[in-house]
Structure formats: C-alpha cells, structure tokens
Amino acid sequence: MNSQELFERARQVMPGGVNSPVRAFRAVGGTPLFIARALGSRLFDVEGQSYLDYCMSWGAIILGHAHPVVVEAVQKQIVCGTSFGTCHELEVLMAEEICRVFPSIEMVRFTNSGTEAVMSALRLARGYTGRTLVVKFSGCYHGHVDSLLVQGGSGLLTLGIPDSLGIPEAFAQTTILLPYNHVEEVTKAFSQWGEKIAAVIVEPVAGNMGVVVPSREFLETLRQVTLDYGALLIFDEVITGFRVSYSGAQGYYGIFPDLTILGKIIGGGLPVGAYGGRRAIMEYVAPEGKVYQAGTLSGNPLALSAGYAVVTYLRDHPEIYSELECRTQRLALGMKSIFQNAGIPVHVNQLGSMLTLFFSQEAVHDSASTSRVDRRLYADFFHEMLRNGVYLPPSPFEAMFLSLAHSDDDIDMTLEIAQKFASKRGFFSP
Ligand SMILES: *Cc1c(COP(=O)(O)O)cnc(C)c1O
C-alpha cells in the first residue's frame, strides 16, 4: 500500500483524509506522505523512501525522532502501566523542573494538548480578573479554542467575528484582534477597553504565520500595558518553550508573563500541554479555587515520561542551544544567498532553531506582510525539495524546525538541492 492508495482510503473515512487540516497538503497540492517510522532527522514513508524532516512534528521533536533517551524512558514506563487516574511521581518531577526553569511559573497544571491548556488559561484569566475580553494578535495560533478562531471585524479596533462555522458570534466578540508588532494598536485598544480586558495572549516569537520575530518594544509594551490596566499577560510558549532557549522566549528576552502555556516539546512527541504562573493566580484553579478544569489523562505517566526525558536531557546538555542556532543560521544564510543570487526575492526569518523562508519582496513582521508572499513559488519549491528527499512544512506559513539530529551534512544537502531549484527558476543562471 503506497501513500496515494492509503490517502484514497483515508479520505473515505476521515474529513480530508487527515486528523489535522494542514497535513492534507492543501496549501502545496499533492498527496500527503504516509509515514511508517522516523529516526533522527529522517522520516520513512510506507514505501521505504526516506526524507530529511524539517517539520519535526510541528516543533514537538527537538532531540530528533526516536531519540534513545526518550525510547528508553517510554519503554520503562509502559510496562508499569499507561494511565493510573491518580497521582504519580513524574508529575511532581516535571512540575518542579518547569517551576525551576521559568521564574514566572510557581505552579503548573498539565493537560493533554496545547489547545486545552490555552482554553484553561483563558478561563483562569477571566476567573481571576472577573473580566471578559481577551486581546489576540492576527497570525498567532493558540489551538482551536472557539473564542480565538476569529477574524478582524471591519475596521481596526472592533471585536472579532468568527473565522469558523460553529462559533457563536458572542464568543468571537470576547476577542479583540490586533496586528502583531504594532505597539500603537495595543495602547489604543487598552485606552478603549482596558478595564474590561482579562488578558493579552501572544506567541512571544510567532511560529504559526511562519516565523515572525517580535520587536522588543512590542513585548515590553504588552508587559507594561497589562500591568497598568490589571490585565494578565499570557505567553503561549507551546512552540518556543524549551525551543528558543531552555527557558523559552521569556528567558531569551527577559520579559516575563503572568501565565505561560507549554506543549509540544514537553511531551517529547506524546500528547501533553501545560499552563502555569504565579501561585496567587494558579490557586484559583480547582480544587484549590473556583476555576474548574480537569482531565482523565492529564499528567499521563507515559506522556510525562517522554517529556521529562527530553527536558532533563536538554537541561544536562545546555550547549545544544548554541549548536542548534549555529546550524540553523547556516541554513538560513545559505538559503538567503542562494535565492538572492538567483534574483528571487526572499526574506528568511530565523530565531534559534526555527526559521521560515518567505518568498516576498518585503520583510515580514506581521500577518499583513505574510499575505504578500509568493505561494505558488513556495509550492513548487516544496515539491522540488520533496522529490529530492527533503520534507519542508507543507505550507508557506509554517515554521521549519531543526533538531539535534540535523547534521552539517544534512544542511549541505538541503542547500545543494535548493541551489539547483534556484538556478532553474532564477532570473540569473550561474
Ligand atoms: C501547536 C500550538 C498550539 C496548540 O497545541 P495543540 O497541542 O496542537 O492543541 C497552541 N499554541 C501554539 C503557539 C502552537 O504552536
């Protein structure tokens, strides 16, 4: 059975043949790969073809696929049972490590996904402040939480309108949608609604419109204005936590939120999310306080065994972050010069081990500038790389991720293939 045949069958029994929309390749066309196994930096499809993976489970994998410390931890745990429905030691160890690493987190609650953690953190922020409105930035993704799947209303400074069927207008109207990196819009929104705003939620480095780096002034303004108006600042570090530095984007920038959302890396490839913050806020969560939130599988021992193995490995090998950054920079600079030399407009946004190539005339600093990228060219590039055994994210608006398993040879191979593509497509052939 090859990917094409499996996809035909999948489409009969699952919407779009997938369990998460971007996997369906709609942005680039063609048939998604059916993966049979993964090791290190490589995916192997059902036909045994190998691919150098720059998607890395959307950033969840940082040590490389099937890393021995993760495999060993999960194997050790699985024979002891997969779910207890009660307390166990790994929850304490993982919570202690998260609280040690993030000075802004004194208490944490584990969930099963990033979405679930975001949803719970918003409930907590509303319960704690007694307010309703939440500020969100266009281009940031915080999971498929009802109230956050919004488009901007007509004109600036209006409340959101639903971006999906099935979302009551009343939910969308609890969200104020603002452009990323635009300081004046933030202060304007607060002067209009400040006393009603429960929280500002933001990806402190955006990864879901492609990589978009914040200006320091933007993050500082969010911190200041939320303090001034008694709203909570929520950093959604589902991608950036343990990725842009061990202590996430907040450690990298030295700007600290009231609540933090974690996910992806802290599950080591198994389903985990978490939210945490100051004790005074977290004590509002049941059973300590009156904000209800629960989960049959929350703090699942198997998932935490994988996550704890990854997190402690990263803690014990702090040099990983500069190595990752070095390789990622080499890839980013290489790509940039390849396309520039070929006369193809490109902007490469990169921070730590995440990067995006935007085929665009202009620098990309918010979601409006992402809308002007050449989607067609990205689709062609994606398929040319795929034919040559390199798997990029199947959308021009997603981040590429490197892992510890990505070698210098992997980078060289990637650049060689990109060079061939650029030479064929560029205005100036070498
Ligand atoms: C992936 C992601 C989420 C959602 O996490 P899921 O585990 O997919 O529910 C939330 N926020 C950000 C920033 C993400 O990248």
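Whatever order the structure lists them in is the order used to number ligands and atoms, beginning at 1. Computation of the quantities below employed the complete heavy-atom set of this structure, encompassing side-chain atoms and omitting hydrogens, waters and symmetry-equivalent molecules.
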Near Tyr141 (heavy-atom distance under 4.0 Å), the atoms of ligand 1 are 11 (N), 12 (C), 13 (C)

The atoms of ligand 1 lying under 4.0 Å from a heavy atom of Ile239, numbered in the order shown, are 15 (O)

Exercise for review: Looking only at distances, please establish whether an N/O atom of ligand 1 is found under 3.5 Å from an N/O atom of Val118.
Suggested key: no

Between Lys264 and ligand 1, is there a nitrogen or oxygen pair with a distance under 3.5 Å? yes

| message | Can you tell me how the ring of Phe359 sits relative to the ring of Tyr378, calling it parallel under 30°, perpendicular over 60° and tilted otherwise? | response | tilted

- request: If the plane angle is over 60° it's perpendicular, under 30° parallel, otherwise tilted; pick one for His88 and Phe84.
  value: perpendicular

Ligand 1 atoms nearer than 4.0 angstrom to some heavy atom of Gly143 are 3 (C), 4 (C), 10 (C)

- [ ] Give a yes or no on whether a salt bridge exists between Glu220 and Arg223, defined as a side-chain N under 4.0 angstrom from a carboxylate O.
- [x] no

ask   = Counting only heavy atoms not in Arg315, do more than 12 fall under 6.0 Å of its CZ?
value = yes

In ligand 1, the atoms that come under 4.0 Å of a heavy atom of Ser113 are 7 (O), 9 (O)

Note: Ile261, heavy atoms under 4.0 Å from ligand 1, region reported as neither

Original post:
Under 3.5 Å, is there a donor-acceptor pair linking the side chains of Glu184 and Thr187?
Top reply: no

Quiz item: Do Gln4 and Thr31 have side-chain atoms, one donor and one acceptor, less than 3.5 Å apart?
Solution: yes

heavy-atom search around atom 11 (N) of ligand 1 in the protein gives Asp236 OD2, 2.6 Å

Note: Glu203, heavy atoms under 4.0 Å from ligand 1, region reported as side chain

Practice task
Apply side chain to side chain donor-acceptor pair (under 3.5 Å) to Glu398 and Thr356, showing your working.
Solution key: CA-CA 7 Å; Glu398 299 288 351; Thr356 301; over 6 Å; no

Note to self: I'd like to check whether Asn208 has a polar contact with ligand 1, where a contact means an N/O of the residue lying under 3.5 Å from an N/O of the ligand.
What the structure shows: yes

Practice item. May I ask you to check if ligand 1 and Thr115 share an N or O to N or O distance below 3.5 Å? Key: yes

Residue, atom and distance of the protein heavy atom nearest atom 7 (O) of ligand 1 read Gly114 N, 2.9 Å

Determine, for Phe44 and Arg37, whether the Lys NZ or Arg CZ falls below 6.0 Å from the six-membered ring centre while staying within 45 degrees of the axis.
yes

